[in-house]
There are 2 protein chains.
Amino acid sequence: MRRNPERRQALIDAAIEVLAKEGARGLTFRAVDAEAAVPPGTASNYFANRDDLFTQVGGRIYERLLPDEATIARSREGVQDETRYAELMHELVDRVSAFNSGYLALLELRLESTRRPELRAVLTKRIREDIDANVGHHAASGLPGDSTSVVLLYLALNWLIVERLTLPDIFTEQEVHELVDAAVRRSLNA
Amino acid sequence: MRRNPERRQALIDAAIEVLAKEGARGLTFRAVDAEAAVPPGTASNYFANRDDLFTQVGGRIYERLLPDEATIARSREGVQDETRYAELMHELVDRVSAFNSGYLALLELRLESTRRPELRAVLTKRIREDIDANVGHHAASGLPGDSTSVVLLYLALNWLIVERLTLPDIFTEQEVHELVDAAVRRSLNA
DNA sequence: AACGTAGTACTACATTTGGAGTGGTGTCAA
DNA sequence: TTGACACCACTCCAAATGTAGTACTACGTT
């Protein structure tokens, strides 16, 4: 088992792209090698088996989807009212949609996790933490709404992103925009 | 190309199970043969190629997820108020969750459709029709809320089902129940 | 009632594909 | 000089495809 951490990370990031492009079943050592532009056989040296590869990707993917420090800091600026909330949610949807392959890869992982208990455990942990962090962050921010608002928004926006990424012709850009606004407005109404 | 319609349907239904169990990449002629308990090579005779198989499954899956006539008729009975609406949404979530493999298969198809234009066209058409039908049905029912309510509910409940099917430990049964109630209540608040 | 035919089911096989894993060699740096 | 890693090549294995050939069944014809 090789230990070079940069190379390992590069392989995992390549695996994310492969997942998005080829699907879970297409995530093979050889495909990762090709995507990362390293010689065939390399991924074999870095991951014990496919299960291991999936689990490591599951551990990493979430880091890449979350906003960075600067973005989080920026989100705390300005008046924290409903309009601001909507603005933040638009940014969120755009940011996630922009890292297209990351989100698709996460969906692939979710489906794959129905067959891989270890992966499921990793994802469950990460996602629970994320939801809790969102609720906590919201509570501390002074933004309107309660914890149920946060979760309802989480639900609606997630599917909106799925819809946009998998079947982009269902909703127009305009409709997506209006739906984000409506989701914010109505979620906040306790 | 064989024509026996019952056999074809049995193969497609088997394909749905395979999709849910093995994922999109695992949907092979041989796997369908095995799942349908027919001799190997049979599926080859019924579908021109994998693309054809995907497309035909995409055409059928939605029929199996939609409520039957009796259920629709029943949904129109009684007072059509917010409480009733919530009741119907609980039934919806339970019904879809119960046909577990169907919903997972649809998710697999969505992801696969990013790679198969023909499949994407079929799914887009079906899902547009479904959303429009829901909006129309809602308008005629006398239930409270506007068309945006219907779509927001569609978004939130879809992801709630995804969450429940792929990572069942994220929300408890109790939380799922409360989220459905909250989603109905808040979506209706224009 | 016997026959012929068409469509389908079943079986077997030849071929292709692609991936896993490993061992050997080269290279670089401590 | 030694150890860790990159690179490359080769073998083995598993699985799927598509089709050719045979058997069965139902139905229409005479």
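Chain naming here is simple, since letters A, B, ... match the order of the sequence lines and numbering starts at 1 in each. Model, not experiment: these values are computed from the prediction. Because only heavy atoms are used, hydrogens play no part in the values below, and waters and symmetry mates are left out as well, while side chains stay in.
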Practice problem: Report the distance from atom CZ of A:R8 to atom P of D:dA6, rounded to the nearest whole Å. | Solution: 10 Å
Practice problem: Specify the residue among A:T28 and A:P40 whose closest nucleotide of DNA chain C lies further upstream toward the 5′ end. | Solution: A:T28
Exercise. For A:H138 and A:D146, run side chain to side chain donor-acceptor pair (under 3.5 Å): C-alpha distance rounded to whole Å, both residues' side-chain angles, the deciding distance at 0.1 Å, then the answer.
Key: CA-CA 8 Å; A:H138 171 271; A:D146 56 9; over 6 Å; no
Practice problem: Check the pair B:F171 / A:V151 against side chain to side chain contact (heavy atoms under 4.5 Å, CB included), numbers first and verdict last. | Solution: CA-CA 11 Å; B:F171 297 122; A:V151 178; 3.8 Å; yes
Exercise. Return the value, rounded to whole Å, for the distance between atom CG of A:D51 and atom P of C:dA20.
Key: 13 Å
Practice problem: Looking only at side-chain atoms of A:Y46, point me to the closest of C:dT11, D:dT17, D:dC5. | Solution: D:dC5
Quiz item: Do A:E22 and B:R115 meet the salt-bridge criterion of a basic N to acidic O distance under 4.0 Å?
Solution: no
Quiz item: From B:R116 CZ over to B:L111 CG, what is the distance, rounded to the nearest 0.5 angstrom?
Solution: 12.5 Å
Quiz item: Any N or O donor-acceptor pair linking the side chain of A:R7 to the base of D:dA6 at under 3.5 Å?
Solution: no
Quiz item: A:N45 CG to C:dG21 P: how many Å, rounded?
Solution: 11 Å
Practice problem: Mind calculating the distance between CG (B:N4) and P (D:dC24) to the nearest angstrom? | Solution: 19 Å
Practice problem: Scan B:F47 against the nucleic acid and name what it touches under 4.0 Å (heavy atoms): base, sugar-phosphate only, or nothing. | Solution: nothing
Self-check item: d(CG, A:L11; C1', D:dC7) in whole Å
Solution: 14 Å
Exercise. Please report, rounded to the nearest Å, how far the P atom of C:dG19 is from the CG atom of A:L27.
Key: 11 Å
Exercise. May I have the distance from B:D52 (atom CG) to D:dG18 (atom P), rounded to whole angstrom?
Key: 11 Å
Self-check item: Nucleotide D:dA15, atom C1' - distance to CG of B:D33 in whole Å
Solution: 13 Å
Quiz item: Mapping A:R25 and A:P39 onto DNA chain D by nearest heavy atom, which one lands closer to the 5' end?
Solution: A:P39
Quiz prompt | Residues A:E87, A:R84: salt bridge by 4.0 Å N-O rule | solution = yes
Practice problem: Tell me which nucleotide among C:dT22, D:dT17, C:dC10 gets nearest to the side chain of B:R2. | Solution: C:dC10
Quiz item: Does any N or O donor sit under 3.5 Å from an N or O acceptor when you compare the side chain of A:R30 with the base of C:dG21?
Solution: yes
Quiz item: So what does B:R50 hit on the nucleic acid, given a heavy-atom distance under 4.0 Å: a base, only sugar-phosphate, or nothing?
Solution: sugar-phosphate
